[in-house]
Amino acid sequence: MSEELQDMNVREKQEVARGQAENTSDRPLFVPVVDIWETDRGLMLVADMPGVAPGDLSVDLSENTLTVSGRLTPSPEGRKSLIREYEEGGFYRQFSLAENIDQQGITAALKDGVLTLELPRAAPAQPRKIEIRTEN
Amino acid sequence: MSRFRFQPRSGRGLPSFWELEKMRDHMETIYNTLAGSVSSQLRKNFGVFPLINLSEDDERLYLTCELPGADPGQLEVSVKGETLNLRGRVGSDGPGAEVNFHRRERESGAFRRTLTLPVKVEADRVDAVFKNGVLTVTMPKSAEAKAHRVSVKAE
């Protein structure tokens with residue numbers, strides 16, 4: 001297979017392993033694919049969650065674990081499937097945050113099925129000059 | 001099939017970009033005809049993008065595909081006869097190559113896919129909606145393709 005095909009090759013949707021997340025619906029849960037990169041201010045996390053409406057997304061932070069999950073709106077009934085190349089389902093993935101992330105400063109936005117999380121770095125401790133007293 | 005746009009080299013004796021594209025169109029048509037009954041697993045190995053689902057009711061065909069982050073203004077859906085063409089680009093929202101990636105799993109690039117529909121549709125009444133990163137194309141079946149329901153009389 002050529003390089004460019006490999007690069008653009010569709011990653012098979014990966015199902016969340018049993019026991020990792022409780023799935024209350026009969027639909028599968030998938031691991032969303034993500035890009036994470038460094039910025040001047042911290043980290044950017046971008047996750048593909050197609051089919052998830054903003055109201056059906058949840059981003060939870062507990063201890064140092066960031067959990068991202070999304071439900072799908074049920075597809076309309078009464079349709080007969082002719083071709084089925086991909087499975088529809090919700091999304092679930094957890095990330096552990098480094099100590100230097102400012103958890104209060106995390107912001108999230110969802111647009112066109114893409115979740116964007118900004119994870120700012122905590123401000124480094126201000127350098128403090130310690131005066132040295134001299135005793136005469 | 002997926003692909004990246006590229007600048008054709010202007011060397012002599014090489015087939016032009018458009019000739020290549022035409023050739024690929026032919027290949028795709030042949031491929032789609034042959035692959036009609038092949039399992040989706042095999043198709044994935046060929047790097048087809050995007051993957052699609054097609055369903056129907058009595059009146060319409062519904063095609064859906066997941067294109068998170070695609071620019072709806074750049075999505076192109078066209079139907080001619082029983083052939084549906086999809087074109088677009090995903091991942092152009094990325095940061096560029098010069099940043100330091102910790103993870104890089106998302107797809108990016110231009111794509112194009114041709115699909116042969118199982119029945120004739122009314123091409124001028126096809127409707128395409130892009131919502132939450134999912135493209136849904138609704139195609140009314142042509143009159144001759146609709147199932148005629150015959151009511152059974154009990155005697």
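If you're wondering where the values come from, they're calculated on a predicted model, not measured in any experiment. Note on naming: letters A, B, ... go to the chains in the order of the sequence lines (proteins, then strands), and numbering restarts at 1 for each one.
- Partner of A/P50 under the side chain to side chain contact (heavy atoms under 4.5 Å, CB included) criterion, chosen from B/T64, B/V134, B/L135: B/V134.
- Nearest heavy atom pair, residue A/G78 against residue B/D57, reads O-CB, 3.8 Å.
- Taking a cutoff of 4.0 Å between a charged side-chain nitrogen and a carboxylate oxygen, B/E59 and A/R79 do not qualify as a salt bridge.
- Among all heavy-atom pairs drawn from A/V114 and B/P68, the shortest one is CG2-C, 3.5 Å.
- Between B/R103 and the options A/V33, A/V46, A/D35, A/V34, a side chain to side chain contact (heavy atoms under 4.5 Å, CB included) holds for only A/V34.
- Neither A/L72 nor A/Y92 shares a network with the other; the hydrophobic side chains, linked directly or stepwise wherever heavy atoms of I, L, V, M, F, W or Y lie under 4.5 Å apart, form separate groups for each.
- Side-chain contact check for B/S55 versus A/L82: every heavy-atom pair is 4.5 Å or farther apart.
- Per-residue heavy-atom pair counts under 4.5 Å with chain A were compared for B/G91, B/C65, B/P72, and the maximum is reached by B/C65.
- Classification of B/R113 and A/E85 as a salt-bridged pair holds, one side-chain N sitting under 4.0 Å from a carboxylate O.
- Across all non-hydrogen atoms, the minimal contact from B/A70 to A/D112 is O-OD2, 3.9 Å.
- In the hydrophobic cluster analysis, where Ile, Leu, Val, Met, Phe, Trp and Tyr join through side-chain heavy atoms closer than 4.5 angstrom, A/F95 is grouped apart from A/L29.
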What verdict does the side chain to side chain contact (heavy atoms under 4.5 Å, CB included) test give for B/F101 and A/I36, after you've listed the backbone C-alpha separation in whole Å, the side-chain angles of each residue and the deciding distance to 0.1 Å? CA-CA 6 Å; B/F101 277 101; A/I36 302 174; over 6 Å; no
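- No continuous path of ILVMFWY side-chain contacts below 4.5 Å connects B/I52 to B/V129, so the two sit in separate hydrophobic clusters.
- Heavy-atom distances place no part of A/L110 under 4.5 Å from chain B, backbone and side chain included.
- For B/L61, the part lying under 4.5 angstrom from a heavy atom of chain A is the side chain only.
- A continuous path of Ile, Leu, Val, Met, Phe, Trp and Tyr side chains, each step under 4.5 Å between heavy atoms, connects A/F30 with A/L115, placing both in one hydrophobic cluster.
- Of the two parts of A/P32, only the backbone, made up of N, CA, C and O, holds a non-hydrogen atom closer than 4.5 Å to a non-hydrogen atom of chain B.
- Residues A/I83 and B/N53 are not in side-chain contact: their nearest non-hydrogen atoms beyond the backbone lie 4.5 Å or more apart.
- Looking at A/W37 and B/N100, their side chains never come closer than 4.5 Å, going by heavy atoms from C-beta outward.
- Of the inter-residue distances, the one linking B/E66 atom CD with A/M49 atom CE reads 11.5 Å to the nearest 0.5 angstrom.
- Few gaps surround CZ on A/R93; more than 12 heavy atoms of other groups in view lie less than 6.0 Å from it.
- A/F91 and B/L51 sit in two unconnected hydrophobic clusters of ILVMFWY residues. Membership requires side-chain heavy atoms under 4.5 Å apart, directly or through other members.
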